[in-house]
Amino acid sequence: MKRDSIFYPINCGETLPQNNIHAVSCSMPTLKDVIDYEEQKEEILKKITVAYPRFIIHPYLKKLSNYLKKKYKVSNDYELILLSSKKAVDVVSNFYYIHNAFQFKEDFGVIKVLKGRQYQKVLKFIQYVGYNLSSRLAEDYLYKIGLIENLQDEELEKKKYAQDIIISTLANAYKEQKENICLAPSGMNAIYSILKALKNIQARNGKSILIQFGWLYLDTTNIVSNYFEESKVFYDVTNLDILEEFLKNNQNRTLAIITEVPTNPLVKTANLKRLRELCDTYNIVLVIDSTFATPYNLDLKPYADIFVESLTKFACGNADVLMGAIILNSKFNISHIKNEFFKHCDTPYIKDMQRMALEIKDYKKRVKKISQNTKELIDFLPTLPYISKIYSSLDKENFENYKNLMFDENSLCGIISIYIENDFEKIYNTLNFAKGPSLGTEFTLLMPYTYLAHYDLINSEKGREFLEKIELPINLIRISVGVEDINEIKKEFLRVKSNLN
């Protein structure tokens, strides 16, 4: 049967991309699905078995964990948690004072923890630090011992070229030396590694305050709260006066500033020239999460000491590899102590690198096509009466800051967020785009951002007041613009308009 549109409803729990066991997103087509997931309702958890790997334990990891419990005769009072390496075991064990006298003879990390509260706390910590065991490694292990019959049918780059293809692509894109780039098993592991190193280095200098500039990604904030006794958040990236006043009074205690360019999800851009000048004046390291910017849209080289990028997003483009990267900027002195930053990272599993190496070849082409579609969509969306406000890199309040960073006119961040004051649930439910967590995919992907990222804040009066303070709307849909025919994307938004009439 021929469809009228290239977009169609995708059942709750289906992987995004579909039929891919290594998908990092999953379909949540209705707002009720999202709320049920946030409230961990049993019915929805039966449907959602594969999702973002740092948030939901992959079914292959569950199966492998059960196998290892039997293999090593582990008491039923305990659960096994599988990690990317033995180094990761040391990090987690030291943080929670877990005594791992029992040695698991595996090439990856295994921790034995008591069921219940300890198990949940350790899982949450691993979510923040990103030491996740690869689903592809688990798949290979289970296939080898006969517990699964088939491997995912997917194209892979040759092993001997994979890592170099990824690093060479990033080196060319960031105009950086290959030795200044380090891969990690997730974007969060890259961020954790940088912040851990900065804390260790700057402790010798008596500096202990980390500044979060802007409303950052949830787990970046969680790492900071776990690892830094002192931190300060400046929510408004357009107001550098308050930041400067703080630095004047705390210049000898501030170790680094971490920010996103542009910010997630409201796509705001700071005045990086002034921010860099402040960092130089007060001798502060500037870390920029460049995932939204990508190295093909914005020239951030004059500003960041360190870049962190989640390659899971635009670099992958297909939402089926979890990986991150640290890029040290040789323009600044921080790159001279690269080993301090890289030693905390784990190396991604070889098959993840093989898959990423294949996908990253189209990185620039993908980003530029998404940018073209984004420009047309920004022009089109104001014609839809059900959208109350649009957030994009073209916003008047900070476009001047964004424009100063653009490589060319076709350099728009492929994220648009829309605020829907009325009929939010109906509109979200009716749109037939793929809907679920993550971004940067070649397929247009929608996410009810505040519900999925900050549901705890929605549920309390104090939380809602805080959201209002930082100007983050509850009824917000983040659109990760895809590479589809722009007319088809517009047609889907228009279909919803006609259904509301």
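Everything quoted here is computed from the prediction, not taken from an experiment. Residues: numbered from 1 along the sequence shown.
Note that Lys232 lies in the cation-pi zone of Phe234, set by a 6.0 Å cut-off to the ring centre and a 45° limit from the axis. A cation-pi arrangement is absent between Lys368 and Tyr296 under the rule of less than 6.0 angstrom and at most 45 degrees off the ring axis.
Side-chain contact of Thr444 with Glu484: a donor-acceptor pair under 3.5 Å is present, judged by distance alone.
Tyr428 is listed as a side-chain neighbour of Val34, based on a closest heavy-atom distance under 4.5 Å. In this structure the side chain of Leu151 reaches within 4.5 angstrom of the side chain of Asp140, judged on heavy atoms. In this structure, the side chains of Ile111 and Phe104 stay at 4.5 Å or more apart for every pair of heavy atoms. At a threshold of 4.5 Å between non-hydrogen side-chain atoms, the residues Tyr391 and Pro265 do not count as touching. At a threshold of 4.5 Å between non-hydrogen side-chain atoms, the residues Glu139 and Ile148 count as touching. Using a 4.5 Å heavy-atom threshold, the side chains of Ser231 and Gln212 count as touching. Looking only at side-chain heavy atoms (C-beta outward), Tyr72 and Leu80 stay at 4.5 Å or farther from each other. Counting heavy atoms from C-beta outward, Thr312 and Ser186 have side chains that stay 4.5 Å or more apart.
Without hydrogens or angle criteria, Asn189 side chain to Ala184 main chain gives no donor-acceptor distance under 3.5 Å. In this structure, Thr450 contributes its side chain and His454 its backbone to no donor-acceptor pair below 3.5 Å. Side chain of Ser25 to main chain of Leu16: no donor-acceptor pair is present (N/O by atom type, distance under 3.5 Å, no hydrogens or angles). In this structure, the side chain of Ser392 does not engage the main chain of Ile416 through any donor-acceptor pair within 3.5 Å. A donor-acceptor pair is defined here as one N or O able to donate and one able to accept, closer than 3.5 Å; no such pair exists between the side chain of Asp289 and the backbone of Ile258. Side-chain atoms of Ser27 come within 3.5 Å of backbone atoms of Ile10 as a donor-acceptor pair (strictly under, hydrogens ignored). In terms of modelled atom types and a separation under 3.5 Å, the side chain of Asn429 and the main chain of Leu31 share a donor-acceptor contact. At least one donor-acceptor pair closer than 3.5 Å links the side chain of Gln354 to the backbone N or O of Glu157. Of the possible donor and acceptor atoms, one in the side chain of Thr263 sits under 3.5 Å from a partner among the backbone N and O of Lys268. Panel note: side chain Asp33, backbone Thr30; a donor-acceptor pair is recorded below 3.5 Å.
Among residues two or more places apart in sequence or in another chain, the side chain to side chain donor-acceptor pair (under 3.5 Å) test is passed with Arg355 by Asp320, Glu359. Lys301 is linked by a side chain to side chain donor-acceptor pair (under 3.5 Å) to Glu176, counting only residues two or more places apart in sequence or in another chain. With sequence neighbours excluded, the residues satisfying side-chain contact (heavy atoms from CB on, under 4.5 Å) with Asn432 are Phe7, Pro9, Glu492, Arg495. Evaluation of the side-chain contact (heavy atoms from CB on, under 4.5 Å) rule for Leu147 yields Lys63, Tyr67, Leu142, Ile145 as partners, not counting sequence neighbours. Among residues two or more places apart in sequence or in another chain, the side-chain contact (heavy atoms from CB on, under 4.5 Å) test is passed with Gln372 by Lys369, Asn410.
For residues 437-459, the pairs satisfying salt bridge (Lys or Arg N to Asp or Glu O under 4.0 Å) are Arg366-Glu442, with sequence neighbours left out.
Note that CG of Leu137 is 10.0 Å distant from OG of Ser84, once rounded to the nearest 0.5 Å. Of the inter-residue distances, the one linking Lys47 atom NZ with Glu14 atom CD reads 11.5 Å to the nearest 0.5 angstrom. Considering CD1 of Ile477 and CG of Leu431, their distance stands at 6.0 Å, rounded to 0.5 Å. Ile167 CD1 to Tyr174 OH: the interatomic distance, rounded to the nearest 0.5 Å, is 13.5 Å. Remark: Leu198 CG to Phe341 CZ distance equals 4.5 Å, nearest 0.5 Å.
The aromatic rings of Phe108 and Tyr141 sit perpendicular to each other, their planes meeting at more than 60°, with 30° as the lower class boundary.
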*Evaluate side-chain contact (heavy atoms from CB on, under 4.5 Å) for Tyr451 paired with Met28, printing each intermediate quantity in order.*
CA-CA 12 Å; Tyr451 277 90; Met28 297 184 190; over 6 Å; no
*Would Tyr131 and Tyr192 count as a ring-ring contact (aromatic ring centres under 6.0 Å, His included) if you check the C-alpha gap in whole Å, the side-chain angles of each, and the deciding distance to 0.1 Å?*
CA-CA 10 Å; Tyr131 281 120; Tyr192 158 76; 5.7 Å; yes
*Are Thr259 and Ile288 close enough, and set up right, to give a side-chain contact (heavy atoms from CB on, under 4.5 Å), and what steps lead you there?*
CA-CA 5 Å; Thr259 191; Ile288 293 181; 4.1 Å; yes
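For the pair Lys41 and Glu43, the salt-bridge criterion is not met [side-chain N within less than 4.0 Å of a carboxylate O]. Look at Lys343 and Glu340 and you find a salt bridge, because one of the NZ, NE, NH1 or NH2 atoms lies within 4.0 Å of a carboxylate O, short of that distance. Ion pairing between Lys175 and Asp299 fails under the 4.0 Å rule for side-chain N and carboxylate O.
Environment of NZ in Lys115: crowded, with over 12 heavy atoms of neighbouring residues, nucleotides or ligands closer than 6.0 Å. Other residues, nucleotides and ligands contribute at most 12 non-hydrogen atoms within 6.0 Å of the NZ atom of Lys124. Within a 6.0 Å radius of OH in Tyr143, no more than 12 heavy atoms belonging to other residues, nucleotides or ligands are found. Taking a 6.0 Å sphere around NZ of Lys364, one finds it holds 12 or fewer heavy atoms contributed by other residues, nucleotides or ligands.
You'll find the ring centres of Phe466 and Tyr235 inside the 6.0 Å limit.
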